[in-house]
K.L.:
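First, the structure itself, so that you have it in front of you.
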Amino acid sequence: MDSDVALRPEELTYRLPEMDLILPLRMHPMLPQAQYDTPAWVRSYVGDVAGTDVEEWLNAGYELWTCLCYPHAREDRILRMSRLCTVLTIVDDETTRDTPFGNSSAYAAAAVEQWEDLLRGTQPVPQEAPAWWRLAHDTWHDLTTDMPDGLRERFITYLMRILRGSVTEVAVREHATELDLDAYMELRRETVYGTYCWLLAEYALGLDFTDMFTEHPELFGVWQDASDHLIVFNDLISLRKEWFVECDDRMSASWILRRQHGFTVQEFADWTAARLAEIERSYVKRCQDILTTSWGNTPAMRAYLCEIGHTMAGSLFFSRSSARYHAPGLLWNGITEATMTMHPHRSTIAPVHHNRPDHRAPYLYLSPLAQGHECARSSTGARSQ
């Protein structure tokens, strides 16, 4: 571990600031079915994920992420979506941890060059390939049975950008390349799997905005805000896992700000809360601008932009509560101010004395983009109750 960024014992406990988040959380009603179907699907292919026993890995509840992030997905698609999102998390772990892919940019580059053919169905999975290749291949082709050609092509394009970005990320770690925050964010927007999230929102709602994105590139600004939201919070909440589990991984906003600006963990937590609020206000403003145009003022576009907001809120909630980051047993009591303590094998969260879970939040909050919502008629992005 680098001595210049080593966490001091007193920093393992920090105050998680109250976050005045404006995007509402929802839950897809088919979560119980996904909780049965998705783990069974994974178990039928693999016995471990990046060296971790599959049962321990599944304990994180990845199907919950899908049902939080796409609460209005068509019921005939949500199970296939849950499989894909879980499998892409497997791909993420297999390509970033202590594996042949994660340890060698040359191996990674050779593997990725095969994957475009697998996505297009022009080549079979090699017999010698790891079992998770077959799982990813079959999940992808099951999902695309009813996907429009334009959306499918965009999916392949962006998945390949993500995978090639992952090769770059491996090379950056391999050569200990020092990135500043802007360069890091630019790279992570390619590798965080954010773009597939926003494409999957189209599929979830039965939409195909291929022509819309060609004609109105300002829509990509919404994608950037949404991706930054995922990146920034993940880099805070995954700090325990990076420090105690992935001891050689130092490529995140937290470590960059620590190395280059001397941030303490508390300062990074405060920076994260402020940055999330800024990103959400930017996202709402971009969406409101789109919804005032002749081409954007449609029920389909409003539903799509609202679903991306749910994805941002759902991913944030999942990251706060999942064993993926905190180990089994953590129970999150709400979104308000709390004290977080990072232990080698788990996280603990204690509410500050005046904090009480607000049982109205977040389920009864309307999206600031919902028709008739006061935030949809203003540019402040303030939360409405």
K.L.:
What are the two closest non-hydrogen atoms of Pro24 and Ala313, and how far apart are they?
P.N.:
O-CB, 3.5 Å
K.L.:
Kindly indicate, with the supporting measurements, whether the criterion side-chain contact (heavy atoms from CB on, under 4.5 Å) is fulfilled by Thr89 and Trp57.
P.N.:
CA-CA 10 Å; Thr89 307; Trp57 190 87; 3.8 Å; yes
K.L.:
Between Asn59 and Glu55, do the side chains contain a donor N or O and an acceptor N or O under 3.5 Å apart?
P.N.:
no
K.L.:
Give a yes or no on whether a salt bridge exists between Arg275 and Glu280, defined as a side-chain N under 4.0 angstrom from a carboxylate O.
P.N.:
no
K.L.:
Quick one: ring-ring contact (aromatic ring centres under 6.0 Å, His included) partners of His216, sequence neighbours excluded?
P.N.:
Trp295
K.L.:
Do the charged groups of Glu113 and Arg164 touch, with an N to O distance under 4.0 Å?
P.N.:
yes
K.L.:
Just verifying a value: how many Å separate Leu205 CG and Glu307 CD, rounded to the nearest 0.5 Å?
P.N.:
5.0 Å
K.L.:
Looking at CZ of Phe220 and OG of Ser227, how far apart are the two atoms once the value is rounded to the nearest 0.5 Å?
P.N.:
11.5 Å
K.L.:
Would you call Asp93 and Arg324 a salt bridge, taking side-chain N to carboxylate O under 4.0 Å as the test?
P.N.:
yes
K.L.:
May I ask you to check whether Ser254 and Asp235 show a side-chain donor-acceptor distance below 3.5 Å?
P.N.:
no
K.L.:
Of the non-hydrogen atoms in Ser315 and Cys69, which two are nearest, and what is the gap between them?
P.N.:
N-SG, 3.5 Å
K.L.:
Quick check: does any side chain N or O of Arg74 sit under 3.5 Å from a backbone N or O of Gly206, one acting as donor and the other as acceptor?
P.N.:
no
K.L.:
The criterion is ring-ring contact (aromatic ring centres under 6.0 Å, His included); which residues satisfy it with Trp115, sequence neighbours excluded?
P.N.:
Phe101, Trp132, Trp133
K.L.:
With rounding to the nearest 0.5 Å, note down the distance linking CD in Gln33 to CD in Glu63.
P.N.:
12.0 Å
K.L.:
Ignoring hydrogens and geometry, is there a side-chain-to-backbone donor-acceptor pair from Thr145 to His141 under 3.5 Å?
P.N.:
no
K.L.:
Before giving the answer on side-chain hydrogen bond (donor to acceptor under 3.5 Å, both in side chains), spell out for Ser282 and Asp225 the whole-Å C-alpha distance, their side-chain angles and the decisive distance to 0.1 Å.
P.N.:
CA-CA 7 Å; Ser282 174; Asp225 281 343; 2.7 Å; yes
K.L.:
Pair His343, Leu12 - check side-chain contact (heavy atoms from CB on, under 4.5 Å), show working.
P.N.:
CA-CA 7 Å; His343 304 278; Leu12 299 180; over 6 Å; no
K.L.:
Determine whether Phe155 and Thr144 make a side-chain contact, defined as any pair of heavy atoms from C-beta on separated by less than 4.5 Å.
P.N.:
no
K.L.:
Strictly distance-based, threshold 3.5 Å: is any side-chain N or O of Glu116 a donor or acceptor partner for the main-chain N or O of Met160?
P.N.:
no
K.L.:
Going by ring-ring contact (aromatic ring centres under 6.0 Å, His included), name the residues that satisfy it together with Tyr14, two or more places apart in sequence or in a different chain.
P.N.:
none
K.L.:
Could you check whether any side-chain heavy atom of Thr38 comes within less than 4.5 Å of a side-chain heavy atom of Tyr62, counting everything from C-beta outward?
P.N.:
no
K.L.:
Are side-chain heavy atoms of Met30 and Leu79 found at a separation under 4.5 Å?
P.N.:
yes
K.L.:
Which residue pairs pass the salt bridge (charged side-chain N to carboxylate O under 4.0 Å, His left out) test when at least one of the two sits in residues 78-91, sequence neighbours left out?
P.N.:
Asp37-Arg83, Arg80-Asp146, Arg83-Asp142
K.L.:
Strictly distance-based, threshold 3.5 Å: is any side-chain N or O of Thr95 a donor or acceptor partner for the main-chain N or O of Val91?
P.N.:
yes
K.L.:
Spell out, as yes or no, whether a donor-acceptor pair under 3.5 Å connects the side chain of Arg26 to the backbone of Pro71.
P.N.:
no
K.L.:
At their closest point, which heavy atom of Ala60 faces which heavy atom of Ala323, and how far apart are they?
P.N.:
CA-CB, 4.1 Å
K.L.:
Side chain of His137, backbone of Leu119: donor and acceptor closer than 3.5 Å?
P.N.:
no
K.L.:
Who passes ring-ring contact (aromatic ring centres under 6.0 Å, His included) against His72, sequence neighbours left out?
P.N.:
His310
K.L.:
Quick one: which residue pairs count as a side chain to side chain donor-acceptor pair (under 3.5 Å) with a foot in residues 44-54, not counting sequence neighbours?
P.N.:
Tyr45-Asp138
K.L.:
Could you tell me if the ring centre of Trp223 sits under 6.0 Å from that of Phe213?
P.N.:
yes
K.L.:
Under 3.5 Å, side chain of Thr13 to main-chain N/O of Thr341, donor-acceptor pair present?
P.N.:
no
K.L.:
So, are Arg154 and Asp208 salt-bridged, with charged N and O less than 4.0 Å apart?
P.N.:
yes
K.L.:
Compare all side-chain heavy atoms of Glu75 with those of Pro29 and state whether any distance is below 4.5 angstrom.
P.N.:
yes
K.L.:
With a 4.5 Å cut-off on side-chain heavy atoms, are Gln224 and Arg189 touching?
P.N.:
yes
K.L.:
With rounding to the nearest 0.5 angstrom, report the CZ to CD distance, Arg258 to Glu11.
P.N.:
4.0 Å
K.L.:
I need the minimum non-hydrogen distance between His28 and Tyr70, along with the two atoms involved.
P.N.:
CD2-O, 3.3 Å
K.L.:
Could you tell me if the side chain of Ile256 sits less than 4.5 Å from the side chain of Phe263, heavy atoms only?
P.N.:
no
K.L.:
May I have the step-by-step check of side-chain contact (heavy atoms from CB on, under 4.5 Å) for Leu200 and Cys85, ending in yes or no?
P.N.:
CA-CA 9 Å; Leu200 201 58; Cys85 292; 3.5 Å; yes
K.L.:
Quick check, are the ring centers of Tyr304 and Phe209 under 6.0 angstrom apart?
P.N.:
yes
K.L.:
Any sub-3.5 Å donor-acceptor pair from Tyr283's side-chain atoms to Ala226's backbone N or O?
P.N.:
no
K.L.:
Between Trp271 and Phe268 (judged by ring centroids, cut-off 6.0 Å), do the two rings come close enough to count as a pair?
P.N.:
yes
K.L.:
Quick one: does any side-chain atom of Thr293 pair with a main-chain N or O of Ile290 as donor and acceptor, under 3.5 Å?
P.N.:
yes
K.L.:
Between Arg77 and Tyr203, is there a donor-acceptor pair closer than 3.5 Å when you use the side chain of the first and the backbone of the second?
P.N.:
yes
K.L.:
Taking the six-membered ring where the residue is Trp, are the ring centres of Trp198 and Tyr158 under 6.0 Å apart?
P.N.:
no
K.L.:
Roughly how far, to the nearest 0.5 Å, is CE of Met342 from OG1 of Thr348?
P.N.:
10.5 Å
K.L.:
Test Tyr325 against every option in Leu239, Ile237, Leu236 by the side chain to side chain contact (heavy atoms under 4.5 Å, CB included) rule and name the one that passes.
P.N.:
Ile237
K.L.:
Counting C-beta onward and ignoring hydrogens, is there a side-chain heavy-atom pair between Leu219 and Met212 closer than 4.5 Å?
P.N.:
yes
K.L.:
Hydrophobic clusters here meaning ILVMFWY residues chained together by side-chain heavy-atom distances under 4.5 Å, can you tell me if Tyr36 and Leu64 are in one?
P.N.:
no
K.L.:
Quick one: are Thr298 and Met301 in side-chain contact, heavy atoms under 4.5 Å?
P.N.:
yes
K.L.:
Identify the residue among Thr139, Val46, Asp92 that makes a side chain to side chain contact (heavy atoms under 4.5 Å, CB included) with Val87.
P.N.:
Thr139
K.L.:
Counting heavy atoms not belonging to Asp149, are there more than 12 under 6.0 Å from its CG?
P.N.:
no
K.L.:
Quick one: pull up CG in Leu316 and CG in Leu23 and give me the separation to the nearest 0.5 Å.
P.N.:
9.5 Å
K.L.:
After noting the C-alpha distance and the side-chain angles of Cys197 and Leu230, does the key distance pass the side-chain contact (heavy atoms from CB on, under 4.5 Å) rule?
P.N.:
CA-CA 10 Å; Cys197 298; Leu230 268 63; 4.2 Å; yes
K.L.:
Specify the closest pair of heavy atoms between Ile78 and Ala73, including all atoms of both residues, with the distance to one decimal.
P.N.:
CD1-CB, 3.8 Å
